[in-house]
Amino acid sequence: MKIEINQDVCIGCGICENFCSECFVMNASEGKAEVVKAEGCDSCNAKDVEGRCPVGAISVSE
Ligand code: SF4
């Protein structure tokens, strides 16, 4: 699995970090989310998080 965030699209809402702070963190200086665990983790379903991003900035590929 590979999780990616399109930085040009992210609006910094924080939903992804709220859903899984192990894979996503907010970049304080940029105000956007970054992926810190691109392979995903045991405690979240990355595909579910992908669907929760309001602007479709998250992509999850196999
Ligand atoms: S949910 Fe989407 S728009 Fe919101 S911070 Fe995460 S990547 Fe950015």
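Ligands are counted one by one from 1 in listed order, and the atoms in each one are counted from 1 as well.
- In plain terms, the two heavy atoms of Phe19 and Asn45 that are nearest each other are CE2-O, 4.4 Å.
- For atom 6 (Fe) of ligand 1, the N/O/S atoms of Cys16 include one lying under 2.8 Å.
- Side-chain N or O atoms of Glu50 include none that pairs as donor or acceptor with a backbone N or O of Gly56 at under 3.5 Å.
- Looking only at distances, a side-chain donor or acceptor of Glu17 sits under 3.5 Å from a matching main-chain atom of Met26.
- Tested against Cys53, the residues Val9, Ile15, Ile11, Ile58 include a single side-chain contact (heavy atoms from CB on, under 4.5 Å) partner, Ile58.
- With a 4.0 Å cut-off on non-hydrogen atoms, Val55 touches ligand 1 through its side chain and not its backbone.
- The side chain of Ile58, and not its backbone, has at least one atom closer than 4.0 Å to an atom of ligand 1 (non-hydrogen atoms only; side chain from C-beta on).
- What sits closest to atom 8 (Fe) of ligand 1 on the protein, heavy atoms only, is Cys10 SG, 2.4 Å.
- In terms of protein heavy-atom proximity, atom 3 (S) of ligand 1 is nearest to Ile11 N, 3.4 Å.
- Looking from atom 2 (Fe) of ligand 1 to the surrounding protein, the closest heavy atom is Cys53 SG, 2.3 Å.
- Looking from atom 4 (Fe) of ligand 1 to the surrounding protein, the closest heavy atom is Cys13 SG, 2.3 Å.
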> Does the side-chain contact (heavy atoms from CB on, under 4.5 Å) test come out yes or no for Val35 and Glu4, once each step is laid out?
Replying inline: CA-CA 7 Å; Val35 179; Glu4 296 175 287; 5.6 Å; no
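- Scanning both residues, Val60 and Lys47, for their nearest heavy atoms gives O-NZ, 3.2 Å.
- At least one donor-acceptor pair under 3.5 Å links the side chain of Lys32 to the backbone N or O of Gln7.
- In terms of protein heavy-atom proximity, atom 5 (S) of ligand 1 is nearest to Gly14 N, 3.3 Å.
- Contact atoms of ligand 1 toward Ala33: 5 (S), 6 (Fe) (distance under 4.0 Å to a heavy atom of the residue).
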